[in-house]
Protein chains: 2
Amino acid sequence: MKLKKKDRQEQLTQMIEETPFITDEELANKFGVSIQTIRLDRLELSIPELRERIKNVANKNWNETVRALPIDEVIGEVVNLELDNLAISILDIHEEHVFSRNQIARGHHLFAQANSLAVAVINDELALTANAEISFTRPVKLGERVVAKASVVGNDQKRTIIEVKSFVNNEIVFEGKFYMYRNTDK
Amino acid sequence: MKLKKKDRQEQLTQMIEETPFITDEELANKFGVSIQTIRLDRLELSIPELRERIKNVANKNWNETVRALPIDEVIGEVVNLELDNLAISILDIHEEHVFSRNQIARGHHLFAQANSLAVAVINDELALTANAEISFTRPVKLGERVVAKASVVGNDQKRTIIEVKSFVNNEIVFEGKFYMYRNTDK
DNA sequence: TCCACTATTAAGACTAGGTCCTAATAGTAA
DNA sequence: TTACTATTAGGACCTAGTCTTAATAGTGGA
């Protein structure tokens, strides 16, 4: 038996979410209904047309661009980014980040958040960490939210110096100074 | 005076690279030529139409988004361990460790290998990284095998100092000095 | 069984942002 | 002037839609 309208619309929503590059025609075939039905469904569900969906996916990243690092490769969620100036990301500490023994976040996760933010803030095709001085000023526990703030503090020909400070509730938990290689001269 | 064809085409290429979401019509206005001229230019330069360009950007993002990269619990494979003395682990650099753009291993993976080795070598219930000075001496590429060697170089009441050196084919790629907190006094 | 109602399908006009093709015109160098 | 490149114009066609109107199918209730 054919799906009821409601079920079809639920599956449709999910399918488009999973594979947004699907046309109405393909959807119509999958569900064994006409294109018009699919269009009515999209209308009711406020799902934009294919070309708009593609644009949204494209825009998501292009939106004032992370050049050295695609934004989804940053550890943590970037909430603010001004290239060559500053960047902020948040990372919620979950089970997979902590030592099972004591529920304390493993250092490399904090480092990864800070380091990838340092890479992201650099407005260049290539950015690699050369050196870093870091300190973990207090342990971070399961469930805490770490806010990392990266700011560019210096530039010479081939290097950029970035300071990252990470906080939990305004309390500093990590501090790092990253000396980064860039691809191009300033 | 109007731009020569060659100059226009150069600028066109650059402009589309910078802002790929631009239509032929907008380009035609910017250069003060007809739409047809822009289309001939794109044809000669093998630049795809707007909708294709958007698709490319979207696709790229989609591919990179889908491939989430959480850091594995296992950071390298420990091949030798003498508590309170030295430890060795190996880490093979795969797709998930590198920047998609240039196939160079992301710093935090090398850090994670070294840091987790530093934690492992300490013969104590609790070991946390307090500070670290690290340097990445040469980029590590996809497919390379990183061998990290950690050795305890000092102890005071509450701290242990550990040096980690990571190699690819006997060539040093990473160096770090980790100042670790222990739970118990020595 | 008929009525009301929802769900579905169909058809037509129009859109953006193109492709592909042919043809006319402008500008320039030999 | 001739030959050539560069530019512009126009039309047919394309995809993946939009928006509108209208017809039909299917189902539940009195």
Side-chain angles (χ1 to χ4, degrees), chain A residues 1-67 70-72 125, chain B residues 1-67 100-101:
Chain A
M1 179 198 149
K2 257 194 188 173
L3 287 162
K4 285 253 158 22
K5 184 183 179 181
K6 213 179 148 187
D7 296 331
R8 188 190 56 233
Q9 291 194 342
E10 265 173 39
Q11 290 194 26
L12 187 91
T13 309
Q14 204 195 325
M15 193 171 286
I16 290 178
E17 204 150 308
E18 277 167 20
T19 57
F21 296 34
I22 195 169
T23 62
D24 287 357
E25 198 177 359
E26 289 170 319
L27 287 164
N29 289 336
K30 293 223 175 193
F31 288 107
V33 295
S34 69
I35 291 187
Q36 284 79 353
T37 301
I38 297 296
R39 290 186 177 159
L40 280 174
D41 285 345
R42 277 200 300 99
L43 198 71
E44 285 179 29
L45 300 165
S46 309
I47 297 172
E49 61 164 293
L50 169 64
R51 285 170 299 215
E52 286 306 313
R53 295 196 302 267
I54 294 179
K55 240 186 254 177
N56 291 342
V57 175
N59 236 314
K60 201 171 146 195
N61 202 330
W62 198 258
N63 241 349
E64 281 345 298
T65 53
V66 187
R67 288 184 59 202
I71 205 152
D72 293 308
E125 289 288 319
Chain B
M1 177 199 150
K2 257 194 189 175
L3 287 162
K4 284 258 164 8
K5 185 183 179 182
K6 213 180 147 186
D7 297 331
R8 188 189 58 233
Q9 292 194 342
E10 265 172 38
Q11 291 194 26
L12 187 90
T13 310
Q14 204 195 325
M15 193 171 286
I16 290 179
E17 204 152 309
E18 278 166 19
T19 57
F21 295 37
I22 194 168
T23 61
D24 287 355
E25 197 176 2
E26 289 170 320
L27 287 164
N29 289 336
K30 293 223 172 191
F31 288 106
V33 295
S34 69
I35 291 188
Q36 285 79 353
T37 301
I38 297 295
R39 291 187 175 157
L40 280 174
D41 285 346
R42 278 200 298 101
L43 199 70
E44 285 179 29
L45 299 165
S46 309
I47 297 172
E49 61 163 294
L50 168 65
R51 286 171 299 214
E52 287 305 314
R53 295 196 300 267
I54 293 178
K55 241 186 253 176
N56 292 342
V57 174
N59 235 311
K60 207 173 147 193
N61 291 355
W62 192 252
N63 290 341
E64 280 172 0
T65 309
V66 170
R67 184 160 33 83
S100 54
R101 204 184 290 267

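Here is how names work: the chains are called A, B, and so on, in the same order as the sequence lines, proteins then strands, and each is numbered from 1. Given the structure is predicted, the values throughout are model-derived calculations rather than measurements. All values below were derived from every heavy atom in this structure, side-chain atoms included, with hydrogens, water molecules and symmetry-related copies excluded.
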Atom pairs under 3.5 Å: protein N/O with N/O of nucleotides 18-22 of chain C:
residue : atom : partner : partner atom : Å
C/dG18  : OP1  : B/Leu50 : N            : 2.9
C/dG18  : OP2  : B/Asp24 : N            : 3.0
C/dG18  : O5'  : B/Asp24 : OD2          : 3.4
C/dG18  : O5'  : B/Arg39 : NH2          : 3.3
C/dT19  : OP1  : B/Arg42 : NH1          : 3.2
C/dT19  : OP1  : B/Arg42 : NH2          : 3.3
C/dT19  : OP2  : B/Arg42 : NH2          : 3.0

Would you list the protein and nucleotides 23-30 of chain C atom pairs, both N or O, that sit under 3.5 Å from each other?
none

Filtered N/O pairs between nucleotides 4-7 of chain C and protein, under 3.5 Å:
residue : atom : partner : partner atom : Å
C/dA7   : OP2  : A/Lys5  : NZ           : 3.1

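Between the CG atom of A/Leu40 and the P atom of D/dA25 there is a distance of 18 Å, given to the nearest Å. In this structure, A/Glu26 atom CD and D/dA16 atom P are separated by 8 Å, rounded to whole Å. For the pair A/Asp41 CG and D/dG17 C1', the computed distance is 16 Å after rounding to whole Å. Residue A/Ile38 contributes atom CD1, which lies 13 Å from atom P of C/dA10 at whole-angstrom precision. Protein atom CD1 of A/Ile54 is 14 Å distant from nucleotide atom P of C/dG17, rounded to whole Å.
Using a 4.0 Å cut-off between charged side-chain N and carboxylate O, B/Glu52 and B/Arg42 make no salt bridge.
To the nearest 0.5 Å, atoms NZ (A/Lys5) and CZ (A/Phe31) are separated by 14.0 Å. With rounding to the nearest 0.5 angstrom, the CG atom of A/Leu27 is 4.0 Å from the CD1 atom of A/Ile22. Here the CG-CG distance, from A/Leu40 to A/Leu45, works out to 10.5 Å after rounding to the nearest 0.5 Å. For the atom pair CD (A/Glu17) and CZ (A/Arg53), the distance works out to 11.0 Å, reported to the nearest 0.5 Å. Here A/Ile16 contributes atom CD1 and A/Ile38 contributes atom CD1; the two are 7.5 Å apart, rounded to the nearest 0.5 Å. The CD1 atom of B/Ile47 sits 4.5 Å away from the OG1 atom of B/Thr13 when rounded to the nearest 0.5 Å.
For residues 25-34 of chain B, there are no salt bridge (charged side-chain N to carboxylate O under 4.0 Å, His left out) pairs, not counting sequence neighbours.
For A/Asp41, the salt bridge (Lys or Arg N to Asp or Glu O under 4.0 Å) partners two or more places apart in sequence, or in a different chain, are A/Arg8. Listed by chain and number, the residues in a salt bridge (Lys or Arg N to Asp or Glu O under 4.0 Å) with A/Glu10 amount to none (sequence neighbours excluded).
In terms of phosphate contacts, A/Ser34 brings a side-chain nitrogen or oxygen within less than 4.0 Å of OP1 or OP2 of C/dT9.
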Let's go through A/Arg39 and A/Leu43 carefully: what are the C-alpha distance in whole Å and the side-chain angles of both, what is the deciding distance for side-chain contact (heavy atoms from CB on, under 4.5 Å) to 0.1 Å, and is it a yes or a no? CA-CA 6 Å; A/Arg39 290 186 177 159; A/Leu43 198 71; over 6 Å; no
